[in-house]
Amino acid sequence: MNLLVVNSEKFAATAADHIEAVVQSKAKVNICFPTGDTPKGVYLELERRVRHGMLSLKNVRGFGLDEWGELKDDNPIRCSSRIRNDLYNRVDIEEYYYVNPQAFDMAEECKEYERLIQTKGGLHLSMLGIGLNGHVGFNEPGSRVDSRTRVVKLDDTTKRVSEKYGWKQKQPIWGVTLGVGTLLESEKVLILANGRHKAQIVQKAIEDPVTPFVPVSLLRDHRNVTFLLDTEAAFLL
Ligand code: F6R
């Protein structure tokens, strides 16, 4: 496990450097991208590099990490809408995929997503944020280390924070996510956390024993995982 702690001002650029290194290492690169607050600065930095001709993401295939259930395709708060808005539409990525939470047969849709990732050559990089309850994607506390892409019931903490993602009238009940086992098969994993509000869960994730009750801790055993933290998120280490 690699642990990298940087000043808040260097956080986005350091993450972008990691992504850039992977992008330049292969002719075609499959990257799993998260949504949420954590990667926003990273996406802006990628956009800046692309706009200034310092970087091209043309060879990147984007794979969505997770998705809320119950929302129609055109809903702006869908993770797929957010990632299009925050990244894909702003850079030169042309090929991207996500799980359709409106599929008639969700079990088959999840299997199909896994097959697609395999057909395209597997994930080369999975970039992840950490939920306040230790989730990665929607792998909520209790998720198994060998879990695959699947529908999950959302944890109370995830439901509570859903408001900041635009869930105003009601709380979401379920979501769909790449599994911990799926993420462990990724060539590289980059786990991001910034801000003092993440310090407690980061400390559990990195220093406490590995446990499915803090799902992100399960990724510590990955052969090429980097935790990139800003000094605020690393405050309790
Ligand atoms: C989002 C996702 C979630 C978030 C996590 C942290 O696609 O998969 O696991 O990464 O909840 O959210 P933020 O970054 O908003 O603190």
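These numbers were taken from a predicted model, which means no experiment stands behind them. Each ligand, and each atom within it, is numbered from 1 in the order the structure gives.
Ligand-side atoms of ligand 1 in range of Gly36: 14 (O), 15 (O), range being under 4.0 angstrom from any heavy atom. Set against the non-hydrogen atoms of Thr35, the atoms of ligand 1 under 4.0 Å away are 1 (C), 7 (O), 10 (O). Listed by number with element, the atoms of ligand 1 under 4.0 angstrom from any heavy atom of Gly129 are 10 (O). Near Lys198, meaning under 4.0 Å from one of its heavy atoms, ligand 1 places the atoms 6 (C), 13 (P), 16 (O). Listed by atom number, the atoms of ligand 1 under 4.0 Å from Lys164 heavy atoms are 13 (P), 15 (O), 16 (O).
Counting only heavy atoms from C-beta outward, the side chains of Ile19 and Val60 never approach each other to under 4.5 Å.
Side-chain contact annotation: His124 with Ser186, donor-acceptor N/O pair under 3.5 Å absent. Using a 3.5 Å distance cut-off with no hydrogens or angles, the side chains of Thr226 and Asn2 do pair a donor with an acceptor. At a cut-off of 3.5 Å, with distance as the only test, a side-chain donor of Tyr98 or Arg84 sits close to an acceptor on the other residue.
Among all protein heavy atoms, the one lying closest to atom 6 (C) of ligand 1 is Ile130 O, 3.4 Å. Considering only non-hydrogen protein atoms, atom 12 (O) of ligand 1 sits nearest to Tyr165 OH, 3.0 Å. When hydrogens are left out, the protein atom nearest atom 8 (O) of ligand 1 is Asp66 OD2, 2.4 Å; that is the closest non-hydrogen contact.
Residue Gly137 places a heavy atom under 4.0 Å from ligand 1.
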Q: Let me see the working for Asp230 and Ser8 under side-chain hydrogen bond (donor to acceptor under 3.5 Å, both in side chains), right down to the final yes or no.
A: CA-CA 5 Å; Asp230 75 350; Ser8 306; 3.2 Å; yes
Q: Just do the salt bridge (charged side-chain N to carboxylate O under 4.0 Å, His left out) check on Glu108 and Arg115 with the steps written out, would you?
A: CA-CA 10 Å; Glu108 190 46 44; Arg115 276 195 292 267; 2.5 Å; yes
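Annotation: Phe235, atom CZ; neighbour count of heavy atoms from other residues, nucleotides and ligands within 6.0 Å does not exceed 12.
When heavy-atom distances to ligand 1 are checked against a 4.0 Å cut-off, Thr158 has no atom that comes that close, whether in backbone or side chain. With a 4.0 Å heavy-atom cut-off, ligand 1 is reached by the backbone of Thr38 and by its side chain too.
Relative to atom 3 (C) of ligand 1, the option among Glu140, His135, Glu67 with the closest non-hydrogen atom is His135.
The one candidate from Lys58, Lys28, Arg61 that meets the salt bridge (Lys or Arg N to Asp or Glu O under 4.0 Å) condition with Glu94 is Lys58.
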